[in-house]
Asker: 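Here you go, one structure.
Excluded from the calculations below are hydrogen atoms, water molecules and symmetry mates; all remaining heavy atoms, backbone and side chain alike, are included. Naming: A, B, ... by sequence-line order, numbering from 1 per chain.
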Amino acid sequence: MGRQWGPSMRAAEQAGCVVSASRAEQPEEGLWSCSGVILSRNPVLVLCHGGIFTPFLRGGSGALTAAGATFLPGDSCGDDLRLHVQWGPTAASVAGRKEPGRPGLCTPRC
Amino acid sequence: AGLEPCKAAQPHGRLLQPPHAAELLLLLSCPAFRAHFARLFGSEAAEQWRFASAAPDEEVSGEEEEDQLRALGWFALLRVRPGAEAEAACGPAVTVAPLGAVAKGAPLLACGSPFGAFCPDIFLNTLSRGVLSNTAGPLLLTDARCLPGTEGGGVFAARPAGALVALVAAPLCWKAREWVGLTLLCAAAPLLRAARDALAHLPDVAALAALLPPEVGTPRGLPLRGPGPPWAAAAVLVEFGSVWGSGVAMAPRLVVTCRHVAPREMAKVLVHSANPKSVAIWGCVVFATQETSPYDIAVVSLEEDLEGVPMPRPAEYFHEGIVASNTRDNNTGATYPHLNFSIPITVLQPALQRYHQTGDLGGLRELDRTTEPVRVVWRLQRPLPAIPRSKL
């Protein structure tokens, strides 16, 4: 991708993550997921899209368009919300944890 | 549908971190983004826009689609439970480009995970390059390809190097059932300011505001729209009744556009230019190729000069041309603007020059008599094999 993109690629892959939301009592319902950005590392703060939280809003999606609503506190979603964040090795192994000789990507059984 | 979540990679694959539990701190939106979105896409006339991640003909309930639209400008701030390895690292994970620091046309890098958590081994942090295609306050558009699941993914600039510019708000835009190859973004700087304001209202997490990443690089004057790159100034909007399309100003009173925009010779069209100032000038269609010609071209002569518009200098050799048509999949109705039949400007240049200097349309008339190979390509057909003649 050329030299001009080196720093951006590193920043992007270190900050990139996947966020998934599911219901504690109803895992069979499946999960909602989207992408996200790691904003800080200690503690790990992540910014992601709000669309995956709509099914969990106590007041329904109408709460998002209520007049003057610019933010909703965390407890505006139900207690059965379970969130998980997953990121790649570059984000976690900041210092020297590369396994020499291992390919970056291969065709895992998916 | 039909996708199954993948388990974390097998040991011989890419070592993904196991998912870490997290908590929702708050849901937030950028008021300015929502105001611009409502202004651009919320009116009756703009009703044909859709930002749902499903293709127009996929079954999505009206309620579900409404939910998606309501959530379009909303983002979530999460805190990962203690114990996650990343905690060992120190310092901000990203820096943020102030609103206005990245100019229209500048290169961007989108990083998201298509299909979200369904197959992170393959799709986690997929990169896609594009440019900042257009802006309206914190509402940005890019032509970097983004797929469903990349909502919330980061979009980064080459300059300032690696700075976060925006997050993906809607990867797919549909207009009148046609996929418009642009992705809707929400600028990161105003969004993080909104996050700081919101955290200040929540005493038990207010201290986290200090951990949000700083803005780096100085904004280049606002509004973003600025003059943009000089070659962009030659792009004009051509309006003929209810039909509109793009065109290129080749001389102060000469505009080239497509025949399907200005189909009839001697018809009057209105040409809009936004750079250096917003003007609308009437013009007359002096030439339009016939429907059967592969060269979907029309030439407009303006009633006044387009003042201050830098005129493009046609290239000697070509690998670019004027976009004459997009490619449309008649089965799904999707149109792919990045798959085009383009006409090399060197094919048009001699005829345009002859008309510009002498007013003679002869050279342009030649465009109606093209060779068969060009016609076959235009029709996206395979060249017909030479059919052996029967000796009977």
Asker: Side chain from CB out, backbone as N, CA, C, O: work out which of these in A:T54 comes under 4.5 Å of a heavy atom of chain B, or both, or neither.
Answerer: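 Side chain only.
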Asker: Select one option (side chain, backbone, both, neither) describing which atoms of B:L199 are under 4.5 Å from chain A's heavy atoms.
Answerer: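 For B:L199, no heavy atom lies under 4.5 Å from chain A.
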Asker: Atom CZ of A:R10 and atom CZ of B:F156: how far apart are they, to the nearest 0.5 Å?
Answerer: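 Answer rounded to 0.5 Å: 13.0 Å.
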Asker: Which answer fits B:A21, side chain, backbone, both or neither, if we ask what part of it has an atom under 4.5 Å from a heavy atom of chain A?
Answerer: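 Contact with chain A is through both the backbone and side chain of B:A21.
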Asker: Between B:L78, B:L26, B:L28, who has the most heavy-atom pairs with chain A when the cutoff is under 4.5 Å?
Answerer: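 Of the options given, most contacts go to B:L78.
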Asker: Would you mind checking which part of B:L25 comes under 4.5 Å of any heavy atom in chain A, side chain (CB onward), backbone (N, CA, C, O), both or neither?
Answerer: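 The answer is both parts of B:L25.
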Asker: Out of A:P55, A:G62, A:A21, which one racks up the most heavy-atom pairs below 4.5 Å with chain B?
Answerer: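 Most heavy-atom pairs within the cutoff with chain B belong to A:G62.
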Asker: With rounding to the nearest 0.5 Å, note down the distance linking SG in A:C34 to CZ in B:F115.
Answerer: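 Reported value, rounded in 0.5 Å steps: 15.0 Å.
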Asker: side-chain contact (heavy atoms from CB on, under 4.5 Å), that's the test. Do B:L127 and A:M9 meet it? Break it down for me.
Answerer: CA-CA 8 Å; B:L127 300 176; A:M9 280 173 63; 3.8 Å; yes
Asker: Between B:A188 and chain A, which part of the residue has a heavy atom less than 4.5 Å away: side chain, backbone, both or neither?
Answerer: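 B:A188 has no heavy atom closer than 4.5 Å to chain A.
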Asker: So which of A:V37, A:V18, A:L45, A:L64 has the biggest tally of heavy-atom pairs under 4.5 Å with chain B?
Answerer: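 Among A:V37, A:V18, A:L45, A:L64, the one with the most close pairs to chain B is A:L64.
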Asker: Should the ring pair A:F71 and B:H201 be called parallel, tilted or perpendicular, given that the plane angle runs from 0 to 90° and is split at 30 and 60?
Answerer: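 Correct class here is tilted.
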Asker: Taking the side chain as every heavy atom from C-beta outward, state whether B:L211 and A:L39 have any pair of such atoms under 4.5 Å apart.
Answerer: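 With C-beta onward as the side chain, the pair stays apart.
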Asker: Does the gap between the ring centers of A:H49 and B:W74 come in under 6.0 Å?
Answerer: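 Not under 6.0 Å, so no.
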Asker: Counting heavy-atom pairs closer than 4.5 Å to chain A, which one of B:L191, B:D197, B:L24, B:L72 comes out on top?
Answerer: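 Option with the top pair count is B:L24.
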Asker: Taking all heavy atoms of A:A69 and all of B:S29, pick out the closest pair and write down the distance.
Answerer: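 Shortest heavy-atom contact: O-OG, 4.1 Å.
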Asker: With heavy-atom distances below 4.5 Å as the criterion, would you say the side chains of A:W5 and B:P107 are in contact?
Answerer: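 A side-chain contact under 4.5 Å exists here.
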Asker: Among A:P73, A:S20, A:G30, which residue forms the greatest number of heavy-atom pairs with chain B at distances under 4.5 Å?
Answerer: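 Looking at each of A:P73, A:S20, A:G30 in turn, A:P73 comes out on top.
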Asker: Quick check: closest heavy atoms across A:A12 and B:L109, and the distance to 0.1 Å?
Answerer: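 In this case the closest contact between A:A12 and B:L109 is CB-CD2, 4.4 Å.
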Asker: Please identify, among B:P114, B:A161, B:G152, the residue contributing the most non-hydrogen atom pairs under 4.5 Å to chain A.
Answerer: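 Counting heavy-atom pairs under 4.5 Å, the top option is B:G152.
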Asker: Under 4.5 Å heavy-atom distance to chain A, tell me which part of B:V168 shows up: side chain, backbone, both or neither.
Answerer: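 It is the backbone, since no side chain atom gets that close.
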Asker: Mind ranking A:C77, A:S33, A:C17 by heavy-atom pairs under 4.5 Å with chain B and telling me who comes out on top?
Answerer: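 Result: the option with the highest number of such pairs is A:S33.
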Asker: Most heavy-atom pairs under 4.5 angstrom with chain A, which of B:A110, B:G112, B:G153, B:G73?
Answerer: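 Highest number of pairs under 4.5 Å: B:G153.
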Asker: For chain B, which of A:L47, A:I52, A:D75 has the most heavy-atom pairs under 4.5 Å?
Answerer: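 Ranked by heavy-atom pairs under 4.5 Å with chain B, first place is A:L47.
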Asker: Rounded to the nearest 0.5 Å, how far does OG of A:S40 lie from CG of B:L212?
Answerer: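 Result: 7.5 Å between the selected atoms.
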Asker: Which atoms of A:L57 are under 4.5 Å from chain B, going by heavy atoms: the side chain, the backbone, both sets, or neither?
Answerer: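 Answer is side chain: those atoms of A:L57 sit under 4.5 Å from chain B.
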Asker: Which atoms of B:L77 are under 4.5 Å from chain A, going by heavy atoms: the side chain, the backbone, both sets, or neither?
Answerer: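 Both backbone and side chain.
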Asker: To the nearest 0.5 Å, tell me how far B:R81 CZ sits from A:H84 NE2.
Answerer: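 Reported to 0.5 Å precision, the distance equals 9.0 Å.
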Asker: Report yes or no: does A:S61 contribute a side-chain atom to a donor-acceptor pair with the main-chain N or O of B:R70 at less than 3.5 Å?
Answerer: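 No, the answer is negative, given that no donor and acceptor are paired below the 3.5 Å cut-off.
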Asker: Using modelled atom types only, decide if a donor and an acceptor are shared between the side chain of A:S8 and the backbone of B:A157 within a distance under 3.5 Å.
Answerer: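 At least one qualifying donor-acceptor pair exists.
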Asker: Quick one: what part of A:C48 sits under 4.5 Å from any heavy atom of chain B, side chain, backbone, both or neither?
Answerer: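 Its backbone and side chain both get close to chain B.
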